[in-house]
Colleague: 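Pasting in a structure now, in structure tokens, and then I'll have a few things to ask.
Everything numeric in this text was worked out from a predicted model, so none of it was measured. Basis for what follows: all heavy atoms, side chains included, without hydrogens, waters or symmetry-related copies.
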Amino acid sequence: MPSSSQCYDHCDRDRRALLKSAAALGLTAAWPATVRAQEAGDVTLRTAAARRWLLGEFTPSTLSYEAQMQEMEFFIRAAEPFRGQQIYVVSETIPTHVYEARFLARAFREITDIRVVHDLVREGELVERIQQQVRTGRNFYDAYVNDSDFIGTHYRYETATPLSDWMTGDGAAFTLPTLDLEDFIGLSFTTGPDGKVYQLPDQQFANLYWFRHDWFQRPDLKAGFRKRHGYELGVPLNWKAYEDIADFFTHEVKELDGRRVYGHMDYAKVDPSLGWRFTDAWLAMAGVGDPGLPNGQPVDEWGIRVENCHPVGSSISRGGALNSPAAVYALRKYLEWLRQYAPPEAMKMDFSTAGPAPGRGDIAQQIFWYTAFTADLLEKGLPVVNSDGTPKWRVAPSPHGAYWEKGMKLGYQDCGSWTLLNSTPLQRRQAAWLYAQFTTCKTVSLKKTLVGLTPIRDSDLRSAAMSEAAPRLGGLVEFYRSAARVAWTPTGTHVPDYPRLAQLWWTRLGGAVRGQATPQQVMDDLAAAQDQTLARLQQAGGMKRCEPRLTEPRDPQYWFDQPGAPKPKRADEEGQGVTVDYETLLQAWREERVGV
């Protein structure tokens, strides 16, 4: 792609040639007036385009029409230096980003005269492209919608532009006055240890507990569960209750409405998404790590201990928790439930194929379900959707494992965020920053949320439009409006190089899925590999700050004797199942309580 300087050189040559021709014809004196008239006409056209989009596509909005027009007028003015340019951005292929690429990029071009090539790729490919730009210094894209899981990476390598500095420096003249950062519900996820915001949230979705509310309300099933397990069928608060419910539907109920049913759904295909199944807070749900939000301190859900911002180890012998009893318990339960309670085809499924699977109508519950698939489970005609379009299912907070304690994170939340790299030429960054804000501004954010169901603004969540949509979304709106959402967070700043560490997980976990090693052996191997990678990162010297500094190994018992993680093995990892009625849970959410 041409650089901005090339574009300006080319445009300047054209302008000089035109002026020379005008002078030869004696028209030079009339030229400024002609240009001004043309520019005024262009502004009028772009203002008219903005009005069309506001009255058509960009409704509803939390802003009045007048306030929306003020935002659009800002974009028209701020885009003047970049008119006629083409910029390149990239994001994952999910419905929210499809909407941006198909609608928002076109609206932005008509309103600003900046053309946007918005590429949609798989997550692994996006990660590779951002790594390639960082590695080579070549500008492949002008902005990336990059997961906030990279916050520890961006902070340490200093390859991403800190937006806190940008908005008061080179990006100040191009920053929307009504951007309102405090309105973004995921801002803490994109903030580094230095208190600076590094990325702008563009979409968010959580992994929650999904269940068939209609089945859980059936008197015969409620009575059968009570007889078998001695307590009420309801939303499970702990893993023992989840397991009891899985056992009940798989082995006791077996069939409903003439169809084989299962009490659990998951995926186990050995590919990169198997790693996400664990790094996306599964270990935190089990109880690996320490209390602390958005991530545990000093040990996080990746089992990494950090001291004074420096990662010092993952293994128990270094004070980490990746091969601790809690981590082994997390892997063991995953394997047991997969083999005993899930449909056989789950073994061959990945993130993309398992997400919509409960829509088939044969799954009673799923402990680890990404809300990015909400729209897939609302399609008319599905066995899990009523004739009036409302869902037969609901979402609720994820149950926690035996090692979990109050104050720990309880699940994962994806936060895809606009990221500017320092290697991108300044003027291209400025133009891309305008587009990033356009896709997240209050004028368009509510409509985008209703389309993609990946909310980013508190004002949108509190809107009348979301209240109207809530009954059709199975508890999603109530969850995001509640104080509980703060316990669902992305990977945090403990992870110093997300791409290098993440690739270690799925390859080793595949050995457990295939039965080639025990859970303890797999987690020992993973912890050792992660420590080796931390050591290589320390030796490489590429990080500008807070680089890994591995501590010397010592007897694991020393660490078990210390408070917090790593936690020693518990005599009883099962406990007693505890459930709660869904309406009681909803009331807790309405009262802004994190727990029941």
Colleague: Would you sort out whether D350 and L274 count as a side-chain contact (heavy atoms from CB on, under 4.5 Å), showing the intermediate values?
Modeller: CA-CA 7 Å; D350 61 11; L274 179 62; over 6 Å; no
Colleague: Show your working on side-chain contact (heavy atoms from CB on, under 4.5 Å) between T440 and F438 and close with a plain yes or no.
Modeller: CA-CA 5 Å; T440 58; F438 185 83; over 6 Å; no
Colleague: Does the pair F249 and Y341 meet the rule for a ring pair (Phe, Tyr, Trp, His ring centres under 6.0 Å), with working shown?
Modeller: CA-CA 8 Å; F249 278 98; Y341 309 124; over 10 Å; no
Colleague: Strictly by modelled atom types, are Q530 and S314 linked by a side-chain donor-acceptor pair under 3.5 Å?
Modeller: yes
Colleague: Heavy-atom count check: over 12 atoms from other residues, nucleotides or ligands less than 6.0 Å from R570 CZ?
Modeller: yes
Colleague: Just checking, is any N or O donor in the side chain of W282 or E301 under 3.5 Å from an acceptor N or O on the other one?
Modeller: no
Colleague: Hydrogens and angles aside, do T178 and D180 bring a side-chain donor and acceptor to less than 3.5 Å of each other?
Modeller: no
Colleague: In terms of side-chain heavy atoms, does E243 have a donor or acceptor partner in W337 at a distance below 3.5 Å?
Modeller: yes
Colleague: Would you call E574 and K333 a salt bridge, using N to O less than 4.0 angstrom?
Modeller: yes
Colleague: Do we see a donor-acceptor contact under 3.5 Å between the side chains of H97 and E100?
Modeller: yes
Colleague: For a side-chain contact (heavy atoms from CB on, under 4.5 Å) check, start with the C-alpha distance between Y198 and L163, then their side-chain angles and the critical distance, and finish with the verdict.
Modeller: CA-CA 5 Å; Y198 282 77; L163 297 183; 5.9 Å; no
Colleague: Are the side chain of R394 and the backbone N or O of W210 linked by a donor-acceptor pair below 3.5 Å?
Modeller: no
Colleague: Go through the side-chain N and O atoms of Y242 and Q366 and say whether any donor and acceptor fall under 3.5 Å apart.
Modeller: no
Colleague: State whether R122 and E92 are salt-bridged, where the test is any N-O pair (Lys NZ or Arg NE/NH1/NH2 against Asp/Glu carboxylate O) under 4.0 Å.
Modeller: no
Colleague: Quick check on N308: does its CG atom have over 12 non-hydrogen neighbours (other residues, nucleotides or ligands) under 6.0 Å away?
Modeller: no
Colleague: Give the intermediate values and the outcome of side-chain hydrogen bond (donor to acceptor under 3.5 Å, both in side chains) for residues Q413 and N207.
Modeller: CA-CA 6 Å; Q413 192 163 176; N207 60 22; over 6 Å; no
Colleague: Quick test of your reading of the model: are D247 and R228 salt-bridged, counting only N-O distances below 4.0 Å?
Modeller: yes
Colleague: Surrounding CD of Q562 (heavy atoms of other residues, nucleotides or ligands, distance under 6.0 Å), is the total greater than 12?
Modeller: yes
Colleague: Verify side-chain contact (heavy atoms from CB on, under 4.5 Å) between K442 and R457, making sure each step is shown before the conclusion.
Modeller: CA-CA 8 Å; K442 291 180 181 179; R457 286 187 176 273; 3.5 Å; yes
Colleague: Would you say the side-chain atoms of D202 and T439 include a donor-acceptor pair closer than 3.5 Å?
Modeller: yes
